Amino acid sequence: MRTLVTGATGNTCSILIPALINAGQQVRAFVRNENKAQSLKEAGAEIYVGDLDSPETIDAALVDVDQVYLCIWNGPSAAAQGINVINAIKRAGTDPFVVRHSAFGSKGSRIIQQIDEVDDALKASGLRWTSIKPTFFMQNLMMAASSVRSDGNIYWDWANGKAGMIDVRDVAESAFGALMGKAQEGKEYILTGPESVSMYDVATSFTKELGRQVNYIPVPHEASKDAMMSMGFPEFIVDGYIELNEGFTNGFADTANKNVETLTGHAARSVNNFTSDFKEYFVGKN
Ligand SMILES: NC(=O)c1ccc[n+]([C@@H]2O[C@H](COP(=O)([O-])OP(=O)(O)OC[C@H]3O[C@@H](n4cnc5c(N)ncnc54)[C@H](OP(=O)(O)O)[C@@H]3O)[C@@H](O)[C@H]2O)c1
């Protein structure tokens, strides 16, 4: 079984690819920068250098491929990139099984609009597919590590919103399950953590884990935008995140299910698991 993985150097696939190789699968990692693929190479992946924005670089990546894991970035060409891959698969005519890495977020976000375009194209393609739709990654909380360290506060623009946030390790393990035959064809799996939580709950978890008071300070979207821009995120992505956060504020993803368990065979990791496993990044002076 050979699987082509796009988005190979990203958060999910850098966990997924070694797991597939350990399970005896052959993996072709589609990367745009070979220098970033060293650890994937060391794990045993075949490195294919191409650019999802350039359709002519995709065809050769599909030779002798049985499955495709279709994961794309968040930028303004995300829809075009995904559709480029779908069209290349159709051109190849080899009918690989496609596991789509989608997302569960507010349709008011330009990021989700790009993702939905790819999902719609896949559904209309006649190809065999399944889709995982994770909600907010707990690992996004790393953006609060610096303020938790310096003044014990999480500044976020969710007001009292709650979401079934998920650990990216569970996203990767669910993707693994889907590629190992645990997902039904033609089905979408919304992926959540074990419970829907607010940022107040996250702060409480950090307080317990770090042994010092951590507070959630709700901020307006404008302040959140300024903070993300100062971290160097491109404006398209910042605006997309703000629109996603408006959805989380309004309870778009205030839900939890057992799809991680279905695809992985184990319960999804909780926020307490996350704060415990990553506390070293949040340990501060006070
Ligand atoms: N963060 C969340 O809370 C969340 C929640 C649910 C769903 N999602 C969705 O998850 C997806 C991203 O997954 P992720 O976080 O695992 O990935 P990621 O860390 O955002 O990485 C994106 C990957 O795409 C690659 N890429 C970008 N442009 C490319 C191009 N032109 N040609 C080839 N490769 C290209 C990047 O390569 P380089 O390393 O070279 O840049 C990187 O490997 C997005 O669709 C996002 O909407 C995210």
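Everything numeric here is computed off the predicted structure, so don't read it as measured data. All ligand and atom numbering here is 1-based and tracks the order in the structure.
- The closest approach between Thr135 and ligand 1 falls below 4.0 Å for a heavy atom of the residue.
- Close approach to Lys36 involves these atoms of ligand 1, each under 4.0 Å from a residue heavy atom: 38 (P), 39 (O), 40 (O), 41 (O).
- Of the options Ile112, Asp51, Val171, the smallest heavy-atom separation from atom 31 (N) of ligand 1 is shown by Asp51.
- When ring centroids are compared, Trp156 and Phe248 stay outside the 6.0 Å threshold.
- Of the N or O atoms in Thr12, one or more lie within a sub-3.5 Å distance of an N or O in ligand 1.
- Every N/O-N/O distance between Asn33 and ligand 1 stays at or above 3.5 Å.
- No hydrogens or angles considered: nothing links the side chains of Glu209 and Asn272 as a donor-acceptor pair under 3.5 Å.
- Taking distance alone, with nitrogen or oxygen atoms compared against 3.5 Å, Ile115 stays at or beyond that limit from ligand 1.
- Counted within 6.0 Å of NZ on Lys107, heavy atoms from surrounding residues, nucleotides or ligands total 12 or fewer; the atom is thus considered open.
- For Gly75, the heavy-atom gap to ligand 1 stays at 4.0 angstrom or more.
- When heavy-atom distances to ligand 1 are checked against a 4.0 Å cut-off, Gln81 comes that close only through its side chain, counted from C-beta outward.
- Between Gly10 and ligand 1, at least one pair of N/O atoms sits closer than 3.5 Å.
- Looking at Phe104 next to ligand 1, no N or O pair under 3.5 Å apart turns up.
- Annotation: atom 48 (C) of ligand 1 to nearest protein heavy atom, Phe137 CZ, 3.6 Å.
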